[in-house]
Amino acid sequence: MTNFVLGITGASGSGKSYLANLILNIFYPNCVIISQDNYYLPQNHFSLKKRDNLNFDHPSMIDWKLAYKQLSSLKNNSPIQLPQYSFKTHTRLKRTKITQPKKLTIFEGIFALSENIRPLLSFKVFLNTNPKLCFKRRLNRDVNERGRTNMAVMSQIENTVKPGFFKFVLPTKQFADLVIENEDYAPLFEVLESHLAYETLSLSQ
C-alpha cells in the first residue's frame, strides 16, 4: 500500500505551515512535512544582490524534477535526501537531511497543487484566507525571521507575490478536493483520520 500524500496550498501567509504543523502534532509519529521551499533551485551562480531581485513567486524557480522524484519515493515508502534552502542567502545549502517515509506525507507551498506535482497527491487542499491577514503574516515573517526590511517586503509583495498568486496559485483552487474557509479544519481531519484508520485495519488483516 502506498503512503498518503496531502497537498496544501494557498496564498503566502494563508496558514499552510501552521496547518501542516497542526496535522503533524495530531498524527505524530505517522506524519512528515515536506515544504515546497526546500526545492527552490540553487542560485549561487548569481551575486547576493542579484538573488534579492529574483522572482521567487514563479513556478520556474522550483526544481520540479527532484520534487517529483522525492515525493514519489516517500509515497512508495523509500527515504530521501531532502535538500535544505536558505532564504537569507537565496540558495540551496550543501547539506541535505535524511527524511524517512511515513504513512502521511504533507507537501505544502504556494505551488503545491501545480500540475508538475498534482498526479502524486492523494488529497488536495486550498486555504482561502483573508488577504489582509496574509499580508500581515508575510510581513511579520520576512522581517522577524528572514532579516528583511519593511520596505523590501512590501515591494516584493506588490511586484511578485500578488501577481504570482493570481496567475499561478489561485487557478489551482479548482483542483482542490477541499477549500478551507475561516480555518475550519474539521472536514480535513475527518479525511485523514479515515485514511489512517483504514490503512491500520488493512495492515492488520
Side-chain angles (χ1 to χ4, degrees), residues 2-24 31-41 54-76 80 82-83 85 87 104-139 141-142 153 156-192 194-195:
T2 57
N3 294 319
F4 193 91
V5 181
L6 171 67
I8 301 176
T9 194
S12 178
S14 60
K16 299 180 294 297
S17 297
Y18 172 81
L19 175 57
N21 281 287
L22 185 61
I23 295 171
L24 176 65
C31 178
V32 63
I33 299 172
I34 303 297
S35 173
Q36 166 217 286
D37 294 348
N38 288 90
Y39 296 103
Y40 274 111
L41 289 162
L54 294 174
N55 182 4
F56 292 95
D57 292 278
H58 194 286
S60 65
M61 299 298 287
I62 304 297
D63 188 343
W64 289 112
K65 183 177 180 180
L66 181 60
Y68 190 96
K69 178 181 178 181
Q70 293 200 336
L71 275 182
S72 181
S73 292
L74 291 174
K75 185 170 186 175
N76 290 287
I80 63 171
L82 184 67
Y85 192 86
F87 280 96
L104 171 59
T105 299
I106 301 172
F107 183 62
E108 63 90 8
I110 56 174
F111 304 127
L113 303 194
S114 166
E115 62 180 356
N116 296 293
I117 213 76
R118 208 159 51 232
L120 290 178
L121 303 179
S122 309
F123 196 80
K124 302 172 289 294
V125 171
F126 188 97
L127 300 181
N128 207 29
T129 307
N130 187 297
K132 291 183 179 179
L133 179 57
C134 291
F135 173 83
K136 182 179 179 180
R137 288 173 173 171
R138 173 67 183 251
L139 184 63
R141 184 198 68 186
D142 283 6
V153 177
Q156 184 180 27
I157 290 175
E158 288 300 321
N159 293 325
T160 64
V161 176
K162 283 186 178 179
F165 170 74
F166 287 111
K167 186 172 183 178
F168 303 113
V169 183
L170 187 58
T172 65
K173 180 180 178 181
Q174 64 183 304
F175 301 107
D177 299 299
L178 176 65
V179 176
I180 293 180
E181 309 270 1
N182 303 316
E183 300 183 343
D184 180 14
Y185 305 135
L188 175 59
F189 293 151
E190 290 177 4
V191 170
L192 299 178
S194 174
H195 166 73

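Contact of the I180 side chain with the L188 side chain is registered, since non-hydrogen atoms from C-beta on lie closer than 4.5 Å. Put simply, the side chain of T105 does not reach to within 4.5 Å of the side chain of K75, judged on heavy atoms.
Here the straight-line distance linking atom OG of S122 with atom CZ of F107 works out to 13.5 Å at 0.5 Å rounding. Remark: T172 OG1 to F111 CZ distance equals 9.5 Å, nearest 0.5 Å. With values rounded to the nearest 0.5 angstrom, S17 atom OG is found 11.5 Å from L24 atom CG. Remark: T9 OG1 to F165 CZ distance equals 8.5 Å, nearest 0.5 Å. Separating the OG1 atom in T160 from the CG atom in L54 is a distance of 10.5 Å, to the nearest 0.5 Å. Note that the CG atom of L121 and the CD1 atom of I106 stand 12.0 Å from one another [nearest 0.5 Å].
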For residues 132-139, tabulate all N or O donor-acceptor pairs below 3.5 Å that involve a side-chain atom, not counting sequence neighbours.
from, atom 1, to, atom 2, distance (Å)
R137, NH1, G13, O, 3.1
R137, NH1, S14, O, 3.3
R137, NH2, E183, OE2, 3.1
R138, NE, D142, OD2, 2.8
R138, NH1, S12, OG, 2.7
R138, NH2, Q156, OE1, 3.2

ask   = What's the verdict on side-chain contact (heavy atoms from CB on, under 4.5 Å) for Y85 and L41, showing C-alpha distance, side-chain angles and the deciding distance?
value = CA-CA 9 Å; Y85 192 86; L41 289 162; over 6 Å; no

Step-by-step side-chain contact (heavy atoms from CB on, under 4.5 Å) determination, F123 to L6 = CA-CA 5 Å; F123 196 80; L6 171 67; 3.9 Å; yes

task = Would you please test I34 and L74 for side-chain contact (heavy atoms from CB on, under 4.5 Å) and show each step?
result = CA-CA 10 Å; I34 303 297; L74 291 174; 3.7 Å; yes

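Minimum heavy-atom separation, I80 to S73: CG2-CB, 3.7 Å. Looking at every heavy atom in both residues, P83 comes nearest to L66 through CG-CD2, 4.0 Å. The two residues G10 and I110 come nearest to each other via the heavy atoms O-CG2, 3.6 Å. For S72 against L120, the heavy-atom pair with the smallest separation is N-CD1, 3.7 Å. When all heavy atoms of A112 and Q36 are compared, the pair lying nearest together is N-OE1, 3.9 Å. In terms of heavy-atom proximity, I23 sits nearest to F189 at CG1-CE2, 3.9 Å.
Sequence neighbours left out, the pairs with a member in residues 55-76 that pass ring pair (Phe, Tyr, Trp, His ring centres under 6.0 Å) are Y40-F56, F56-H90, H58-F168. Sequence neighbours left out, the pairs with a member in residues 55-68 that pass salt bridge (Lys or Arg N to Asp or Glu O under 4.0 Å) are D63-R92.
Using modelled atom types, no side-chain atom of K124 and backbone atom of K173 make a donor-acceptor pair closer than 3.5 Å.
D37 is linked by a side-chain hydrogen bond (donor to acceptor under 3.5 Å, both in side chains) to nothing, counting only residues two or more places apart in sequence or in another chain. For E181, the side-chain hydrogen bond (donor to acceptor under 3.5 Å, both in side chains) partners at least two apart in sequence or on another chain are N128. For N55, there are no side-chain hydrogen bond (donor to acceptor under 3.5 Å, both in side chains) partners, not counting sequence neighbours.
By the neighbour-count criterion of 12 heavy atoms within 6.0 Å, atom CG of N182 is sparsely surrounded, having that number or fewer from other residues, nucleotides or ligands.
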